[in-house]
Structures are given as C-alpha cells and as structure tokens.
Amino acid sequence: MTDFRIRHPNARVDFRRPLSFSFDGQVYPGYAGDTLASALLGNGVRMLGRSFKYGRPRGIVGAGPEEPNALVQIEAGPLTIPNLKATQVELYEGLIARRTSGWPTLAFDLKSFCGPLSRFMPAGFYYKTFQNQKLWPYFETIIRQAAGYGSAPEEADPETYDHRHRHVQVVIVGGGACGLFAALDLGRSGLNVVLLDEQNEMGGWLLSSPHTSIGGESAEAWLRAILAELQSLPNVAVLTRTSAFALHDMNLLLAVEQLQDHRPLAERSESKPRQRLHRIRADRIILATGAIERPLVFGNNDLPGVLTASALTTYLNRYGVAVGKRVVLQTSNDHVYQGACDLARMGCSVVLADTRSRPNTVWEQRAHSAGVDVRPGYGIAAAHGGRTTHAARLAKLDGEQNTVLAPGPLIECDVVGSSGGLSPTVHLYCHDGGRPLWDESRLAFVAPEMGRAEAGIFCTGAVTGTFGLQAGLEQAQRVTDAVLASLQKSATRKARNLETDEPDSIPARRIFRVPDGKPEGHGKKAFVDFQNDVTAADIHLAVRENYRSIEHIKRYTALGFGTDQGKLSNVNGFAIAADAMGKSIPEVGTTTYRPAYSPVTFGTLAGAHEGDTFEPRRYTAMHAAHVKRDAVFENVGQWLRPQYFLRPGEDRDAAVRRECLAARRTVGIMDASTLGKIDIQGKDVREFLNRIYANAWTQLAPGKCRYGLMLDENGMVMDDGVTACISDRHFLMTTTTGGAARVLTWLENWHQTEWPDLDVYMTSVTDHWATAAVVGPKSREVLAKVCSDIDFAPSAFKFMDWREGTVADVPARVFRISFSGELAFEINVDASYGPHVWEALLEAGAEFGIMPYGTDAMHVLRAEKGFIIVGQDTDGSMTPFDLDMAWAVAMKKPFSFIGKRSLARSDTSAPNRKQLVGLLTEDPTVVLAEGAQIIEQSDLEPPVPMLGHVTSSYFSPELNRSIAMAVVRDGIQRRSEEGRKLGRDAVFAYADGKTHKVKVVSPVFVDPEGARQNA
Amino acid sequence: MREPIPQSPLHAFGLASQARAVDEGCGVWANEIALLGYISLRGNSADPAFVNKVTSVTGVPLPVEPCSFATSGGIKVLWLSPDEWIIVCGGHRLSDILGGLRSGLEGIRSQIADNSGGYTQVLLKGRNALDVLQHASVYDFASLAPGRVVGTTFGKSSVYAHRMDEGFCLLVRRSFADYIWRYLARAAAPYGLGIAALEATGHAGHGVAA
Amino acid sequence: MFVLFCPHCREKREEEEFGYGGEAFRVRPVAPETADDETWGDYLFMRKNPKGWHWELWTHTTGCRKFFVVKRNTATNAIAGSWTLAEGRNVYDAEGGAG
Amino acid sequence: MKKDYSFWSLFAKGLRHNEGWDPAWRSATPKPSYNVVIVGAGGHGLATAYYLAKDHGIRDIAVIEKGYLGGGNTARNTTIVRSNYLWDEAALLYEHALKLWEGLTEDLNFNVMFSQRGVFNLGHTLQDMRDIERRVNANNLNGIDALVLDAIEVKRRIPILNTSKSARYPVLGASFQPRGGIARHDAVAWGFARAASKYGVDIIENCEVTGMDIADGRISGLETTRGTIRSERVGCVASGHSSVLAKMAGIRMPIESHPLQAFVSESMKPVLDTVVMSNAVHGYASQSDKGELVIGAGIDHATSYTQRGSPHIIEHTAAAIIELFPIFSRVRMNRQWGGIVDTTPDACPIISKTKVKGLYFNCGWGTGGFKATPGSGNVFAHTIAKDEPHPLNKAFSLDRFSTGHLIDEHGAAGVAH
Ligand SMILES: Cc1cc2nc3c(=O)[nH]c(=O)nc-3n(C[C@H](O)[C@H](O)[C@H](O)COP(=O)(O)OP(=O)(O)OC[C@H]3O[C@@H](n4cnc5c(N)ncnc54)[C@H](O)[C@@H]3O)c2cc1C
Ligand SMILES: NC(=O)c1ccc[n+]([C@@H]2O[C@H](COP(=O)([O-])OP(=O)(O)OC[C@H]3O[C@@H](n4cnc5c(N)ncnc54)[C@H](O)[C@@H]3O)[C@@H](O)[C@H]2O)c1
Ligand SMILES: Cc1cc2nc3c(=O)[nH]c(=O)nc-3n(C[C@H](O)[C@H](O)[C@H](O)COP(=O)(O)O)c2cc1C
Ligand SMILES: [Zn+2]
C-alpha cells in the first residue's frame, strides 16, 4: 500500500488523530477530518465500484455532493445506510464501508462482459427489444438484478428523527466566503439569521485554497476571524452538516442537519435524533451556494484516477492527499491554475493542457515558476488505463473549432484532472419556479444577483457566476445592503480591504466535449453522466432519433437521473445536445431542477411521525376500564373503541354472542363516548336544523330527542344522529364517530358563508361528555339504583325523551334512546367522572349480569333492528329514499334544505335505484360475507350483472340465524310480500367464488313494532 | 357507593407522583394542570351588552383583541376567535360562572357550554420549552409574546397555546391528550424532560395536579 | 406551502393550519326547486378552476375556525390578499366578480 | 406496420455505430387544416391519434402539444396499472385498457416495459375490508382477476411489510390483482407517438392552443402559438389544463386542478417486487426496474397549476411509507415532483361530446388515468370518428352532472392512482 498523504499544516485533517476504517473488508488507516473518499485516496484505493450498464471500473471523481461514482454502503444491520457518497462520509473510528456495485467481486464483475457488447446496447436499448410480453417477465428479472446500488436495511430503524420549525429574518445557504461575509454583516445589524452549510465546517472553497490572501490576510486567518465573530452573535445561528435540500413557495427552505452519522457507533446519543429537518420560513433568503466544477468530456474519462481538477485541489489542500504523483490536467479556464501550482509545489509533476491557445499570462507565469508544464492549445483526447489511469493522450486543438489539428503526445501519469469551468449551484434557486440564465461570457447557467428580490430571494458568489473571490465579496456586500434595505435597515460598516491575490481572469474556452479526431461514437467512450453510463454518443443518438427536447434527451438517456442529479453532467449534456442540434445552449435550456438537492432520508421527512406518534390515537375517558376487562380494540376514525371483550376460553364469535344476549335478555353497557356531540344555541336553532337536516325540527319540544338524516348538497346521506332539544334555543346534536369534525365544519361553513344572519352558534362538546349506553330489559332497574332524581317510570320517561339528573352522585343527562331496539338509556356525564360512573353502573348492574359490549355486538344489535350505519350501509350514493327512510325527509319545509333539490334530478329520482333491504339465507347457519355482490341468477359467466351488495351481515344470537342488510336494485319492490307476488324476492349473493340463494325481506328482523324500545 | 373521583385526561401517566421541584438538570419541565373548569363562550364582541355582561360575571375584561387573553382573580379568558372564547376557572367557581353567564346573557345572542370534561392544560417551561414547541408545531412560537394565545397545530393534532411569564400553557382536548403528551415527551427527550411540581394555588394558571 | 394571513387572527400562519374550501362566492340558486337540472348541476359541480387569479375559500381549522377568502394566482401561487367573507365580497364585487 | 425495432436491428445498427437509426417520430410543422386535431400530446392524446389512424382509417390528424410530448402527467405518474375498480362502468373501461396493455408492446413495436407484477390494495379497518370484499366480488363477476388476501397471506407475499398488530392502523388484509403492475411511462408516450407518426399523424410540439374558433355551436379551428389550424373535429386531452381549454370554448367543467406529487428514492437492489397501495395510511410504492422506489404522495387540497405541491404532503407520505415499510426509514428520497391532476366530483373521467359540435373532451382522469391510456385513446377515437360514444364510455358523458348519474368511485373503491 502506498501512502498518498502530504502532511502539510494547512490541511483540515488532524494528523495527530489517526483512525482506522474498513472498505470491502480491508482495513485502512485514516485521520480525523477525513472523508471516506479522502482516506481511501490517501491509501491509494482507486476503484470503488463498477458502472451501471457496462460494468466499467469506477473511482472517485469529485469531492462533495457532486460525486456520481463512489456510492458506498455504510455499516451493517439496522444501522446500515445505502448509497452514501464516499465524498460526504465523514470518517470515524471503526467505520465499515462496502462497495455497492461490482458483482460477484469488484475485481471481477460479470457486467463488464457487456462492455464489448456496449455498441449493441445504446440509449433506448430496452425499448427496442424484449418485445414478447410473455418472455418479458424473465428478462425483467435479470434486468432488475443487475440494476440498483446499495441495499435497504433489513430491519426497522433504531434511530429517531425530528423536525424543527424556524421563522427567521434571513437564512443564508452556503458558508463559503460569500455566505459568511453576508452573515457577518447581517448578524452585526442585529437581524435574526440562520447560516447553514452542508459540510462539516464553514468555509466552502476557501478550505481548498488556504493560500489565497484576502485583504492581506491568509484565507485561513480571515475565516477564523469571521467564524469567531459569528459565534459570538446571539442572533446568528450557524448550522454545519446541514444541507438545504428544497426551497418551496414563499421562502420555505427545508434543510436536513446530520447529528449522529459522523460519530463512531459507540458515541451516538440515544436521546438525540439522527437527523433533523429544519423547516425554515424566512423573510429573506440569500443563496450563496457556490459552484461545482464540471469536468470535460473525453475518451475514457471515467477511468479510476480521472477526477475533476478542483477535487484534486481539494484533496491536496484540504485533506493532505495527493491523489497521484504524476498529474495531467486539462482546462478550459483559469480556475485550475491555483491547484496546479499547489500540486507542483507539493512535489507532484504536473502537465497542464490548456485548451486555449493563449492562456492567462499571469497564471502561466505563476505556473511556470511553480514548475507546472503548461501546454497551451492542447486537450486530452483520451485517458489510458484500466482499473486505474496510466497515461493521457493529448491532442492539438484547433484554436477556434473544437476539432483536432494533430495528435499530441502520450503522457504517462497516475492521475488526470479536468476542468470545463464552474457550474453554479442554482438548484435551490430553481426549485420554486425560478429559471437560471445562461451567461455566455461565463459559460454557465447562473442565478441573478438580485435573484427574485421581490420574493425576497437574493444570490451572491459563485452561484451568480461571480467566480472571482474579490468580486464575490464585493457582491456579497452589495447584496447584504439590498437585503437590509428591503427590511428597512442599513448596514453600519467601515470600508474594508477586500483585495485578493487573484490575477484578472480571461475568458474560458467554449468547450465541453474534447474532440479526439473521430466522429462521435467511433472513438473511446466519452462519458457525460457516469452514474447512468450516458456517453456523448448516446446524446447524439437521442438527437438523431428525434428525442430533441432536452427533457426527452434526459428521459431517453437517463442523463441527470442519478443520486447526483447531474451536478457534474447536466451542463455538459445540454451543451453536447446543443452542438448536436446546431442550437445555442439557452435554446436547448435546462431540465427542471427539483428537490432534493442532496438526497434526504424518509426518516427525516417523517420526523416524529412514526411509531407511537405516527398519528393520534384518541381515547375515551373509560379506556383504562376497557383495557382492564380485556377489550380488543377497533380503529374507528382516530378513536380506539372496544370491539369486544374477551373472556377466558372465548373467541370473537363467542364473545359477541354473549354480549348480544346480555343486551337482549338482561342488560349490557357500551361506551358511546366517541359519537360526535355539537352544542348548538341561538334563537334560530330550529331553522338552522331545518336547513341542515332532511327532517323537520320546528315541533320538537324541550326534553325530547329526534333522529335526523343529514344530506350533502348532492342529495346523498352524509351523516346521521340523534339531536335533543334542551330548550327552545338550545339543541345538542350527535354525529357519527368518524363524521364529527367534518359535520362541525360543514355546519360552520353553511352558517358563516350562506346564513350569517341566523342567530346560532355551535361548539364541539364531544370530549366533554363521557357516554355510557345502558341497554336491555334490566336497564331501567340498573339506573334506578344509581339515580334517584329522575323518574324512570315508562309513562314519565318515554322513548326519545331526555332528562337531567344525578347518576352515581354525578350530574348527568340521561337520554332514552336506543340503537339496539331495546329499552335503553344513554348516560352523559362530564368525562372526568366517566370512569367513576362507568364503574358505578357496572357495580349496580352486577346483580343482573350486566356486561360491557363492544362495537361488534353493537353492530349485530342494530342490524337486527335494521338501523343503518352511515359509511357501512351507505357509500355516498344513497339517498334517504334509497334507504326507505322517507319518514325522515320533510319535503314540505319552506326552506329548500341541503340536498333536497338534488333528490329530484332524473337519475336520483328514478324508480329502480339500489335500495336498502334485509336478506335471509336459505341455510340459517350461513353468514354472508359483507361485500358479497347480489346477482339475479346463479350463473357466473362474466360479465354477470350486479344488483347491489351486502352491506352488513351477522349471525344473530337472538334469532339464532344469520341476517344481512343489503342494497339491491329495486329492492323495496322485491321485499317479502310484494316481491313474492312478483316472483322477484329471491336473489343470489356471491362472494369468494360461492353463491347463496337469499330472500329479500324487510331489514327489521327483531321487534318490528318497537315494543321493546318503548317498554 | 364510592365517592365520585374525577380523573384528568393524563391521569394514566401518573404525573403527580413524578413531580419535583424545577432545577437545572432538565431543559424542559412540564406537567398537567388538571381538572379545572372550562366554559366555551360564543357571542358578538361588537355587542357591548354581551361584552359587559361577560366581563362583569367573570371579573376579567373580555379580550377582544385577536390572539390575546386576560386573567384576573384566578380566572383566565382566552380569545379563540372573534366570537369565541374559553373561560378557565377553578372547579369550585364553575357553576356560579356558568349560572351567572346563563342568566346574564339571557336574550343576548350567545352560546355558553360547559366543556370542563373536554379539556386539560399542560404547562411547559424550562430553557428548552420553546425548542419543544418548535419541534411540534408550525407556529412561530418564538414570536408569541406573554399575554398571547394561538390555536395551531401540534404534531398531527391541534392545541390552543398561550404564553405566560413562566412558560407556555397548552390547552388540549381530552381525547388527544395522550397523543400530545407522548409527542411532547418525545420532542423533549434530547433536552431532558422533568415533571414539574406545580404550586397549588388553585389559580386557573397554576391548578392542582391530579 | 403557503403562508396565509388570517383576517380574524390577524396573523400570518402556515398552510397546515388551514383547510381549503374551493371556489369562493358560488351562488346557491335562491329557489332550488325552480332551477332546472342543468342549472342545479352547474351550481353543484361546475367550477371556474382558472389558471390565474382565483377567489377561494379557506378555513382556519386549527385556529379560529373561521372561513375567509383569499385571492391567489393558481399559475404562480402568488397571493394578492385575504379578507373576511364580508370584506372579500366587496373587493370581489368591485372587481366585477373577476377570475 | 413494419417492426423495425428488434434484437436484429440493434445488432445491425450497432455494427454501424448506431448511425442508422431513424427518428422515432416526425416533428411536423402545422398544416393549415386537418381532418381531426387532438390537443395534448400526453399518452391519452397520442393513443387517440394512433387508434383514429389504425382503427378508423383517419390519417389527416394533428396532435398539438404546448410543450414536449409526453411531458404532462404522462411524465410524472407512478405508473400503476390495474383495472380492479368497483363500479361496472369504470371496471369495464379500465379492463378494456388492461387488455390493450397486455398486447401493447407488440402492437407498438416498442417495449413499454409493462410489468404485471401484481397490485395490492391494503385494508386497515373493518370498513376497508368490507370495501375490498365488495370490490373483489364485483371484479370477479365482471371477469376481472382479483382476490382477497388476509393479513397472514399478505405478509407471506410481501415480507417487508409491517403487519404488526401494534401498528397505528394494522394491516387486516388486501385485495390483490395479479395482472396489475407498472409500465415505463415515457415509453408509452414515445411508443404511441412513433406508431401514430408512422401512420402519417402530424405531431406538433411547442405549440400551445390559445383559442378556439367557434360559430353557430360548431368548431372550425384553433388558434395556436404557431398560427391558426382549421379543423371541424377537435379532441381535447389536456388533463390538468382541461378547464383552460374548456373556457376557450365557453364551456364549464366539473373539474378542479390540483397538484399531485410523487418522489423516488435512490436506486437500490430489488426489495419490493410488487405494487403496494394503502389508502388509509396514504402511501403507494413500487420499485422500478432501475431500482428506485417510486412513491405516490397525496393530493394538495388547494388547486394550482404550478406542477409543484406542498412539502407537508410529501412528509406525510414518507411517514406512511415508513409505517408500512419500517426498513425504508434510512432510504433516501432522491427527487420529488408534481403534476396537475384534473379531478372530478365522482373521481371518474369525462369522455364526452360537448355542446359545441365537433368538440370532444377526454379529461377528468385525476390521479389515476395512466392505467387507462390505451383504453382511453381507443374509446375516444371511436367517439370522435363516429360522433357517438363507444359503449364503454357512454356513462362518462358530461350530462351525468345534471342527471345525477355519478359513478362514485370515491366511495368504496380505492381510487387514487
Ligand atoms: C404524481 C402523479 C402520480 C400519478 N400516478 C398514477 C398512477 O400510478 N396510475 C395511474 O393510472 N395514473 C396516475 N396518475 C394520473 C395520470 O398521470 C394521468 O391521469 C394521465 O397520465 C393523464 O394522461 P393524459 O395524456 O390525459 O395527460 P397528460 O400527459 O398530462 O397530457 C396532456 C397534455 O396536454 C398538453 N396541453 C395542455 N394544454 C394545452 C394547450 N392549451 N395546448 C396544447 N397542449 C396542451 C399538456 O402539455 C400535456 O402534455 C398520476 C398523476 C400524477 C401527477
Ligand atoms: N474552483 C472551484 O471549484 C470553486 C468552486 C466554488 C467556488 N469557488 C470560489 O470560491 C470563492 C467563494 O465562493 P462562494 O462563497 O460563492 O462558494 P463556495 O463554493 O465557497 O461556498 C458555497 C458553499 O455552499 C455550500 N452549499 C451549497 N449548496 C448547499 C446546500 N444546498 N445546502 C447547504 N450548503 C450548501 C457548500 O457546501 C459550500 O460550502 C469564489 O471565489 C469562487 O469562485 C471555486
Ligand atoms: C416512474 C418515474 C420514475 C422516476 N425515476 C426517477 C429517477 O430515478 N431519477 C430521477 O432523477 N427522476 C426520476 N423521475 C422523475 C423525473 O426526473 C421528473 O422529475 C418527472 O418526470 C417530472 O418532470 P419534471 O421534474 O421535469 O417536471 C421519475 C419519474 C417517474 C414518473
Ligand atoms: Zn384565524
């Protein structure tokens, strides 16, 4: 193993803190401050994976979020993370990393056999082949196995995540020179500022160019001073390891902060989240996101050992790693010169091919004196090598046209770097609809300095195409002034020296694809997008095939589809496409920039909304009492309701049977607290109810209750419930459990928008009341034991009456209503006393064998009586008439109540609609499936016309046979008497491949006269 | 028959028994202020008769300024909307205030509903109390000044939150209390959560923990 | 994600506090019984759904529970303002029920 | 049609550096007039043109697209294909489409990568299970493959699914349609474009319809950003923009345009070999052949034409996905986007003649029209060619909004996607 380290003092790694880590099972040394990438390169590891399509060896290309190749799997077991970019993984002691491509081994990859066949697998290859639908599944399986990088964990995530909502005056994205400078000025002005950067420390490019001098100071000292001052400002929050991944409407910036991943496993905090999503709503946003250097496109440019020039510089200056000792660089611009000089000074041999025939003379001189061999007018036609790079073949380029004048020398080397110029990091700027502008002089898509100032978005630094440091700092000053002015503030700052040692730059050469003298597609493969194996030839092919919109090119070739989202490749791709079509780059345009700027875990997006806190569970006051009695719970909306109470040795059927019989024979008790309760007061309450409900409310006297049907404006039943008249100006409405919130909003909507003149107010009292339904022939006796101030005599307290009194020493409202058809009372008390009253009722009922029952038994009891459940027996397409509930519709009310008009439409008023009926099977032991379809004949040759379906179906312990409710076309006409006469009362119920003959009957199976509830 | 003993919505967490004096050990201190009286009140704030009557019954000037609340004599009145308030009082004052309002507002457009069983309050204080709220709610709690109340989100549910000098107080619906407490405990975990002993003054803002 | 100004709470709040109520100022026929099926169907289902300025109803669900109106550009998500129902009605009418 | 895409042609062209490939479709400049003009070169519009040419012999057709073809919702959907709808009208229409899907690759000579890996619709409440039972039985009676699975069987088939009883909404079972699956969305648009183009259909991109020439209740042409185009038969297939076109014709539509979002994870090794949808928990996921999880999010409540929605919707969906698949918590979202869906009150499409003679609309597919693409084009072509609905789209006429004959797929069937 060779050591590629250059231990210089400016490096941001701590050479006194060695660490060890492993990659693909091999243990290596590294240092605190390294990334996995820098540590691997420091150990001379070149090949990290294989390419997606052709299995070509691939290594590290970049040094940050732009990295397309070096995707690794970190750790194992529940903590494993797929697809991290090695360039962004901070090294810690004991880190375990593995490759995510290369099968069966990295050295021997099966896909690499495709390499020679690659000419038969151009872009669009799949679409043109595998055209047999029968064989496709087999091909597809093979294709799937070959695709994909890392693997998802196999276990649930033990770590947690959270969100934090921040509201600030200014958020600055990017802690490079420009962002820091802006933060300082704004911080000094006392604004509430958040500055964030995705790297482990602030500084941006300055960390890679520590020798640069600013106002006579070294970049390093300049940085230190600014950071110290920022730390001292209480109004400035500085967040490192925080990646802004999305910018949404109205300046909502989303950023994810890494809190744990950089720590050794043993040092991770159990109580702290792994990652935190900052949702930052800012009055002003400054994007100082910098720029990413794009490589040039040339033959074999994907070999391990071919990097961007700035990555080489970063590895050298920031991490103390000389990726190679013999370096060949090529450039179209000035940016590489500093790095070239640094490499040469650190002892590397450096050849710099400047594609421009006349380079910047100042830089050329500096390069010469540093020992760099500058070759003006040359480019790299192709790199040579296999699992690493051995040489670069230069070519003499035409000064104007991007063509080869003459072949150039083959230069032996162990690393190649290239720079095609800087591509501003305009992603965030474009997320909420902004469009980048093509700046021909800078050969870049840029975000304008004033961004979208009217929306509060400003940009500064390299993101605007301002690539000079001094110019960037001056711009940052301008932009902060503008931001302050827009907030009616002004900067208080002394003039300062921003002079840097940069020479004036000269224009870059407009070159993206370095020619090799051959027609596109004939020479060595030249990659544009490494992760998706998209070559320059693929783009040409797409254009030839008329995929000429840049979006088509993207989608046809997969350009920019990867986890790097084309940070290195997109602009090259756009330019190559433009050349292929003979268009200008702005005519071609860009693809759409979308979140995420850097990928973000689902866990972070979900935050605390998982596990116990995924979504609210709502409990009644008596919940503990039910748990104690072994209730099995059912989700009803957000509520948990006892479904049945299991006694030893019982199954669900037995429990339900026991509970039903108790209610029918002696007494049962049910927690009905979840029903929605809306208190409505005002002198127009009756009128309001008349408009909202289908039935009439004018006559209902205080002390009385009435069942009501609520329709939507389309005439369909949307909710139902019993409403009590407390006084002439005071009613209490109950709603279904799931419908409570919707109904209250519905009422408010009508009141506020349509009838504000009606004197009514409504308030939810659902949570205030705990409700116990005491049901069964013995219920009166049970109540009499716990309530002495209400006269329970049948003549004094009639069905559908309510009374106020004291139950178990607690003030209560007692309603004599029944959802079971039995004599029944619903006791409502302040929920704080719910548990007390519940226990008292159970105690009082003990001598009668009182039993708590759940929703299952409730369903059976109500179905025996033919009572509907909205949402089960109705589905948004049922009118009251379909339910045979004309009695609950008052067509004569003066105001055209909600939904009334719709009932008269031609289809809605048609005679033979689906209608609610009861069903009885021939075999009384057969319980039909809920959801069984009703058909006329038992012949099952599809398509079979369907008449309706079974909505509710149970075994009735009371009748000792099965019963069902169903909606059936023309059902009312088919019921018993009438139906029999017409010979239409027999139909079939179909479910799960079986049919049962059933008789259509009235849905009221028990006590049709209502003797029991009126008892 | 047993004495009726009321149970607060957070009863199951046994907070009272864990309560202790606030110290620097935890960043967040919380507890339930249990079993107070809550009256939902609606009416027309532009009607002086209504405003005066309510003020005279409660002894608290009815807050008509949006998002404000007022306290006096152990009674707290929170503005919820231009025509909606909630009156928080000690349980012992409940029936006389209810009675006073009912008779006083006779004939005046209004609504009075006892909602005492429907709510509870959670007190939240300590140096990281604000952080917890920023984790749980989209509202800009840093800008919530003492004396202000807001209805906003809390996780996937909602609360009315108001700020007092000593911290934040969340008004929570009973059936959501379990969820909200769990959410709060989770959000507070990184800072350390302590169950704060409450001064037993019977004051609406500092009720007795149950 | 929008920030809406609630004209009742008189504060800007995050979208998550609100519920969307669709097109504002839809007119319920005063005498539904005399409206023909088509007119009634129009009222029930037909929507302007403009690409551009849109008058729409919102509720402050977790806040004051009040309905109010917002004028928003559906092509850009820009918001021109929010008003109480009564104020909004005036502005809307002054614009000639535009949108 | 000549089948010029094959292994053989790849080989032959490959030998010549892939230089011999023809344009997949011709880009046309507008002629002054056409027999039929289709507005909107999404999958549905292109399919309409293709079937008009293929089945009805009409070749003088233009498809006009304001952007790039296939760039609307066709480019942005989660590609779920199934036909297990509840109501007969919908089920038969989607089943018609599914049958066409099954032969589409061969028909178009373009691999649309239709992968019949099955679709699960999970049930989390007793009511979900009733609805599933009801829908599956209806499907069976309509000749559509579907079955009800209990939670144990679901777990057996999707081992990574969280079927724990302690989940907030435990999985109680599912419906399963084995013939359902996914397809490569872009390929569908390109395949239809190529096939239509071969029949002589003019595909005109970057051409926005800005007005309609209507007199005496009939249409005679369109104003576009590339000039006037005459035609007496115009079919509008503009999904999210349907109201905008309807307004040009003076027609109101029962449509609201909402953002619907989706996102993909980074590409991973295969972990999920089927399609899983959950209405109750609000998440939908499949894994594409390239390895990324394709996840459908919820609809934004507010209307918008911006092709981007609110992040809290995405956050909610991510939470739902973790609730269903706890192992995806550490997986990362790579890209997120939105489309504009044209929703109707009954969650069913409108394939209809209009009051304007010669003007037809095909819209209202909302969150779930991709699966219908070939079927929709097929019946719409019939409607235009014959000036008369195909029996399968009779029920999807505009007049249902006044008669009240809604086909309410909201109710019981899992609608979305
Ligand atoms: C995120 C998301 C997920 C989805 N998931 C699924 C799914 O899993 N399964 C499923 O079946 N469906 C799904 N859908 C729905 C599906 O995408 C659509 O229903 C379907 O693609 C519609 O196809 P189309 O051809 O009608 O529309 P589009 O593809 O949108 O085509 C309409 C075209 O009309 C053009 N146009 C509009 N106005 C004009 C004009 N004035 N002039 C010229 N051209 C114009 C547009 O530019 C567009 O290209 C999803 C949708 C979205 C947004
Ligand atoms: N040669 C190069 O490769 C190169 C690259 C960039 C900048 N520079 C030079 O550096 C100087 C300073 O430029 P600058 O301040 O504009 O840029 P910079 O590159 O120094 O700083 C930008 C910072 O923004 C951060 N960032 C970008 N997107 C982010 C996101 N979404 N979330 C969080 N952080 C994000 C980056 O991590 C980086 O630290 C200029 O002179 C510029 O030309 C050179
Ligand atoms: C099924 C499907 C899979 C996708 N997979 C990817 C992907 O792997 N990588 C990617 O960058 N985008 C992917 N996209 C998203 C597209 O890049 C793009 O965002 C989407 O088509 C919407 O277009 P727009 O972003 O240009 O508006 C996918 C889209 C769909 C519909
Ligand atoms: Zn409000």
Side-chain angles (χ1 to χ4, degrees), chain A residues 81-83 119-120 122 126-131 133 140 143-144 147-153 156-157 248 521-522 541 544-546 549 551-552 555 563 594-596 599-603 605-606 609-610 614-615 635 875-877 905-908 929-931 933 942-944 946 949 990-991, chain D residues 5 7 10-11 14 17-18 21 23-25 27 68 71 102 105-106 110-111 115 125 127 130 133-134 137-138 141-143 168-169 186-187 266-271 289-291 311 314-315 318-319 321-323 326-337 403-405 408 410-412:
Chain A
I81 315 168
N83 295 340
R119 59 160 56 181
F120 307 114
Y126 294 122
Y127 308 130
K128 295 174 176 150
T129 50
F130 310 117
Q131 304 216 351
Q133 187 68 34
E140 193 185 24
I143 292 168
R144 295 193 68 189
Y149 287 93
S151 305
D157 193 344
H248 287 279
H522 289 242
L541 173 62
R544 270 203 299 285
E545 294 195 82
N546 203 32
S549 153
E551 291 289 357
H552 283 150
R555 290 150 205 273
T563 63
R594 296 270 190 187
V600 41
T601 56
F602 293 3
L605 293 171
H609 301 132
E610 56 95 19
F614 170 58
E615 268 184 17
N635 282 306
D875 62 1
S877 68
R905 291 172 308 188
S906 61
D907 189 75
T908 320
E930 288 175 342
Q933 289 288 343
V944 185
M946 284 165 261
H949 72 286
Y990 165 86
Chain D
Y5 284 172
F7 273 118
L10 269 167
F11 179 69
H17 301 282
N18 287 304
W21 293 107
W25 67 86
S27 290
Y68 61 100
E102 288 174 323
T105 287
E106 281 162 82
F110 201 101
N111 186 358
S115 166
T125 63
Q127 188 56 39
R130 288 181 197 111
E133 182 73 39
R134 174 185 179 193
N137 290 326
L141 293 173
N142 274 323
R168 175 66 191 90
Y169 296 107
D186 291 326
E266 299 176 316
S267 170
M268 296 181 303
K269 293 280 179 303
V271 278
D289 288 349
K290 267 187 19 296
I314 295 287
E315 289 163 10
I321 292 297
I322 295 173
E323 177 76 359
I327 67 164
F328 292 157
S329 168
R330 298 171 81 83
V331 169
R332 299 190 296 174
M333 174 179 88
N334 190 31
R335 185 175 171 100
Q336 167 225 312
W337 66 92
T403 65
H405 188 92
D408 202 347
H410 279 304

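Every chain is numbered from 1 and lettered A, B, ... according to where its sequence line falls, protein lines coming before strand lines.
Counting heavy atoms from C-beta on, the side chains of Pro595(A) and Ile314(D) never come closer than 4.5 Å. At a threshold of 4.5 Å between non-hydrogen side-chain atoms, the residues Lys128(A) and Phe110(D) do not count as touching.
Proximity to chain A (any heavy atom under 4.5 Å) is shown, for Asn334(D), by both the backbone and the side chain. Looking at Glu266(D), both its backbone and its side chain come within 4.5 Å of chain A, counting heavy atoms on both sides. Contacts between His522(A) and chain D at a heavy-atom distance below 4.5 Å involve backbone atoms as well as side-chain atoms. For Tyr149(A), the parts lying under 4.5 angstrom from a heavy atom of chain D are both the backbone and the side chain. Proximity to chain D (any heavy atom under 4.5 Å) is restricted, for Ser549(A), to the side chain, taken from C-beta onward. Interface residue Ile321(D): only side-chain heavy atoms are found under 4.5 Å from chain A. Heavy atoms closer than 4.5 Å to chain D are found in the side chain of His248(A), but not in its backbone. Residue contact with chain A, scored on non-hydrogen atoms closer than 4.5 Å, involves the side chain of Gln127(D) exclusively.
When atom types are taken as modelled, the side chain of Arg168(D) and the backbone of Glu610(A) share no donor-acceptor pair closer than 3.5 angstrom. Between the side chain of Lys269(D) and the backbone N or O of Gly148(A), at least one donor-acceptor pair lies under 3.5 Å. Remark: the backbone N or O of Trp25(D) is paired with a side-chain donor or acceptor of Asn546(A) at under 3.5 angstrom. Asn111(D) places a side-chain N or O within 3.5 Å of a backbone atom of Thr129(A) that can act as its donor or acceptor partner. Without hydrogens or angle criteria, His17(D) side chain to Gly521(A) main chain gives a donor-acceptor distance under 3.5 Å.
Taking the six-membered ring for Trp and the full ring otherwise, the centers of Phe120(A) and Phe7(D) sit at least 6.0 Å from each other.
Annotation: maximal heavy-atom pairing with chain A below 4.5 Å, among Gln336(D), Arg335(D), His405(D), occurs at Arg335(D). When Arg130(D), Glu323(D), Met268(D) are compared by the number of non-hydrogen pairs under 4.5 Å with chain A, Arg130(D) comes out ahead. Contacts with chain A were tallied for Gly291(D), Ala318(D), Ser329(D); Ser329(D) has the most, counting heavy-atom pairs under 4.5 Å.
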Do Asp157(A) and Arg330(D) pass the side-chain contact (heavy atoms from CB on, under 4.5 Å) test, and can you show the C-alpha distance, the side-chain angles, and the key distance before you say yes or no? CA-CA 7 Å; Asp157(A) 193 344; Arg330(D) 298 171 81 83; 3.0 Å; yes
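A donor and an acceptor atom, one from each side chain of Thr105(D) and Gln131(A), are nowhere located under 3.5 Å apart. Checking Arg544(A) against Asn18(D) by side-chain atom types alone, no donor-acceptor pair falls below 3.5 Å.
Of all heavy-atom pairs between Glu102(D) and Gln133(A), the closest is O-CG, 3.4 Å. When all heavy atoms are compared, the tightest approach of Ala147(A) to Pro270(D) is O-CD, 4.5 Å. Closest approach of Gly931(A) to Asn137(D), counting heavy atoms only: O-ND2, 3.0 Å.
A distance of 4.5 Å separates CG in Asp875(A) from CZ in Arg134(D), rounded to the nearest 0.5 Å.
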